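This report concerns only the one structure given below.
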Amino acid sequence: MKLMPCPLNGPRNMSEFSYGGEVRVRPEPGADPAVVADYVFHKHNQPEVTREWWCHVPTSTWFIAERNLATDEIVRTYLPSDPLFAEGGTP
Amino acid sequence: MRASFVSAPLAALGATPTPVGEALAFLRVPGENAAAPVVLTDLSPFARTGFKGADTASWLAARGLDVEPAHNHALRQADGSLLVRLSPGEFLLLGVPGAKPGLVERLDAAWTREANAGLCFPVPRQDSHAWFVLRGEKAPALFAKLCAVDLRPRAFADGAVAQTSVARLNAIIVRDGAAFHLLADSASAEYLWACLIDAMAEFQGSIAGAATVAGFGGA
Amino acid sequence: MSAARLPAPFGRLVDRERSVTFSFEGRRITGLAGDTIASALAANGQWMLSRSFKYHRPRGLVSAAGLEANALVQVGHEPNVAADRRAITPDLDVRAVNTFGGLDHDLGRAIGLLSRFMPVGFYYRTFYTPRAAWKVWEPVIRRLAGLGTISPKAPHGYFDKAYLFADVAVIGGGPAGLAAALAAAEAGAEVLLVEDGPVLGGSATFARPEPNGVAAVEALAARVQAHPRVTVLTEAVCQGLFADHWLSVTQGNRLNKVRARSVVVATGAHESPAVFRGNDLPGIMLGSAAQRLMRLWAVRPGREAVVLAGNDDAYEVALDLAEAGVRVVAVADLRADPGSDPRVGAVRARGIAVHAGTTVAEALGQDNHVAAVRLAPVTGPGTFGAVGEPVACDLVAMSVGYVPATALLTQGGARIVPDDATFMPRVEDLPAGLFAAGSVGGVWTAERVVEDGTRAGRAAAAHAGHACPVPGPVAPDGEGRTWPIPVFPHPKGKEFIDFDEDLQVHDIIDAAAMGWDHIQLLKRFSTAGMGPTQGKLTNALVQGLLGRVTRQVAPRVGTVTIRPPITGEKLGHLAGRGFEPRRLTALHHRHEALGATMMVAGTWMRPAHYGPDLASAVEAEVAAVRQAVGMIDVSTLGKLEIRGPDAARFLERIYTWKYETLAVGRVRYVLMLDETGGIIDDGVAARVHAEHFYVTATTGGVDRVYRLMQFFNAQWRMKVDIANVTAAYAGINVLGPASRAVVQAVGTTVDLAPDAFPYLGVREGEVGGVPARLMRIGFGGELGYEIHVPASQAGALWDALIKAGAGHGLRPVGVEAQRVLRLEKGHVIVGQDTDSLTHPLEASLGWAVGRKKTDFVGKPALDILEARPQSRRLVGFALDPAAAVIPKENHLVIRDGRIAGRVTSITRSSTLGKVIGLAYVEPDQAGEGTVFTVRADGGTLVSATVVPTPFYDPDNARQEM
């Protein structure tokens, strides 16, 4: 049972969390259909450190985890209010 | 009058509710042993409230409350209530069980839409959550059968708060001296009550009435 | 005391003062308290325990430690019991498995005669040609297969789970584990020590006291048990090591979920058998098994023994046997030079013949037990020379080598590599926080094992945050303990290399010759290592043989992965207490008191109907609502508070419609899409204040909606607060022409006059003295008030409404009737009338989409979908109630022999005297009056006609009164 370090509650069993997909930039209104379809259906999904949305279900806290998809190592986690989130470009 | 969320199981034990202020509470339970290795008590009818939003901490401080800077911590207030900071912007206030109106009632009356509290809004903790308290030296061992967070004294200090899953329910656990407050979905109260009773059988646990809780404020 | 019992100090686990009687195969057997089933049987001369899996050969103890399926028995209702680990209790009913007519007279013995016709993997190529052959063979195979019986009458056990927390978890209570536990505890760590046997000490519990430092180990065990920071679990098995040092440990009927900061694996090594013709006879066992029988249970393992040696430990076995009164006829030492270790000298000094460079070529049996062996000189790896005359014996003790029990280490991510110096795999690449101690890590001699355990314990404590000086590594010293691949193929076969699966040497050789020459392929084709003990005793031998046969070394041949569980968990362990949350509304017990038939609705319980008969109850409840007044508990409805300066703007970005211009006191439908443009939820938004909306969602969807709202606002960062208050408020829907009168009668501060409180309005006030929000919405199609009150005060209000409504014919109304009421109005239920692809235009919900809005969740996708020609439409239909067959939900719409759609909702409407429903049809079938065909039960085609919705009160006059 893997541990996920929740930025608010500390390390907790993975069963307390729900996965919310890769952090992506939403297309602007009026974007090309191909861009919209890519955003909705495709995933980047490479064996590298990837920013992902996760939710701590008991507190409904959404946060970002940077996870290595090849090794499953969680590098760091932070809240969306953390400057680290904006650094990566807000969706 | 506020009914308990576990009236039916308590009535089945032969207990009858008594009005205590606005609360229709079970003060005594036949066969109760408040000195048992683990003791379960329902405090659901007693006053509690909650507020959340980015401006909540300052609104509460402006009302004279002692606000804990760290989240996932609880701080006792002057009137005996327990102010629990769940997150930087979310607070839960557990009143002293009893008839005497205290901080909970004062804050609920103080908040109005016109009061311009900024981003600070009331949360109906009185009805959204059931409130149980567990006491006794075996309480951490009982929790270990239902909950993945280490609640032993060396890992979970007085005033510590855990927001986690208990018997597959989202729950809030607050350590208050030797006791643990447990709050979870009110609709699941009877289910959780049954899980707790099953888990405490191993420790010869006992169900006791609210009058056995330290600091109980009577009628 | 039987002649087979040894005197003290042998038998440290048995109490000679207390005998225990049980039955085996219907015979009474008397053992001693502390005996296992197997040791008690052995003491009574019963050495055959089972019949083998395929050939029904007699089988007995090999390890006496639960490492072979030979010792599996059925105890009463319980299958899969390891007789060599289960303690006897009075009146156990023990039976052998895999026999027809009992162990002694097993009719299955005849199968052994057919072994020629059962080459490895034969079942892949037989039994199904011709196809009909399988029908004949299947019942036969079902009867023949399986080791044990599952009884439907087995009483339920109480199983549960508990968490355990530790700084350092030490797995294995032998010398290395004890030293590690003590060292970690003394460094300040909280230690959990897990030992699978009944007492601490590991191999020191049955080994010869010197040179194994047994006294020192016993002293160590006492110190460990006395230490306040050490928790010891005995008869506890660590079944697996998972991510972040989470371990599952079964003890009795409990599954312990252990979370540790660091883990020391000190699981030791399994002694390994030799493979020669007849090696599966009862009485042929590991040297350690003989020592266990003697030292733990005071059982003399035989009268005349031959010891097969591949190391010096075998000589300790020989000395132990001699001192226990067993005549050691000979020691056959595989090594050309047994060396000059004092133990070898001591054996020779007793006059015991030692034959260097010699193996057992064949074992001969009589009366289901070994009776003699034939020795032969070793001429090369796996080959022997001229076979000698039979040497009488009733015990063969094999001490030829070991396999480190590395399973937990590999599960933790360590690598196992072959070691040509020791012929035992070596552990490499231990990840941070995982430590190996003792023989599992290659350290064997007594004092160095303790030193190694201390090192590992300190290192583990330091990793867990208790700083302490950590000694350097202890060099491995396992050379000479294991003879490489003691497998001696015999021209006449019957050399068993996997007891559980009844595999002989030639089965492995033949499989490799067929091309299954990688261990992973060989394992699956031959089933080697796939039996109940997962090949713990024999995987290394199979791998070694494969390597020898293919002339490859182990890395090419591959390694087998030992996955959790290590010994096997019961399904009860995994199920535990089975927590299934069940939510009750505040009115639950009142529904039960009113005779409601309750139903499960997601995690909630709701009243389906009141009274025992569904059809008549639904008809009466619908009629009450249409003609008088009904009362529905809608407490399970999702409820959200959306508050703050950006509340309206937030709703506009989440939902499809417009809310900025919604007046205070007004209610509007909400529709939510996902980013593919599909409908995911709906409800209403009631604006109770400029900056406060009370929004409802479906019972099953609210948690997801709430989580999505938080998700989006985490990115949009609008000044809005979202709260999920579903359980805080009970909802009572008072519905019907007399509803206004009833609410008035119960007393309310809200002005209920139609112009003061019109349809689609929301008001706050008190009803029956309880603070309430009232909404007038249209789900049921009648005048009605949906009253939301705090859950703890709902019961009182319900009681008051029942009383006030008595004079107006008020009936409680359940979920089934509510579904009819809403269908009569043509309302869509998200998830029933919509699927994950349904977008608003398909469901005639385009009116709920704000066309001038620039953005909301799903808009980009919706724009694309709406620009395309539609593929289906949801329409209302009616059909003749006298039709012979009435279709059901999800019955298909058939057009020209192909599927053109499906029925999503359908019901008999007594109000309308018709059968009505909703269905997806093709766009050109959507016109009013179109007739389409539905295929009902039995393939009957039924005609339906498209009619406009609402079916009932199309002008909505009744709900807007």
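Just so we're clear, the structure is a prediction, and the values are computed from it rather than from any experiment.
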Taking atom [atom1] of [X] and atom [atom2] of [Y], what is their separation to the nearest 0.5 Å?
X       : Y       : atom1 : atom2 : result
F242(C) : M14(A)  : CZ    : CE    : 15.5 Å
I722(C) : S60(A)  : CD1   : OG    : 10.0 Å
L708(C) : W62(A)  : CG    : CH2   : 7.0 Å
I74(A)  : D244(C) : CD1   : CG    : 7.5 Å
S18(A)  : D703(C) : OG    : CG    : 11.0 Å

Chain A contact via F856(C) - which portion, at a heavy-atom distance below 4.5 Å: backbone
Segment of T854(C) engaging chain A (4.5 angstrom heavy-atom cut-off):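 Just its backbone gets close to chain A.
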Kindly indicate whether the side chain of [X], heavy atoms from C-beta on, has any atom under 4.5 Å from the side chain of [Y].
X       : Y      : value
Q715(C) : W53(A) : yes
F711(C) : C55(A) : no
H245(C) : L3(A)  : no
P860(C) : E28(A) : no
W716(C) : R26(A) : yes

Heavy-atom neighbours of [X] [atom1] exceed 12 at 6.0 Å:
X       : atom1 : result
R851(C) : CZ    : yes
K719(C) : NZ    : no
R261(C) : CZ    : no
E580(C) : CD    : no

Top contributor to chain A interface from A243(C), G677(C), S248(C), A861(C) [non-hydrogen pairs under 4.5 Å]: A243(C)
Residue among L247(C), D674(C), D863(C), D855(C) with most heavy-atom pairs under 4.5 Å to chain A: D855(C)
Counting only non-hydrogen atoms closer than 4.5 Å, does [X] touch chain C with its backbone (N, CA, C, O), its side chain (CB onward), both, or neither?
X      : answer
F63(A) : neither
P33(A) : both
T61(A) : neither
V35(A) : neither

Donor-acceptor contact present, side-chain R707(C) to main-chain V57(A), <3.5 Å: no
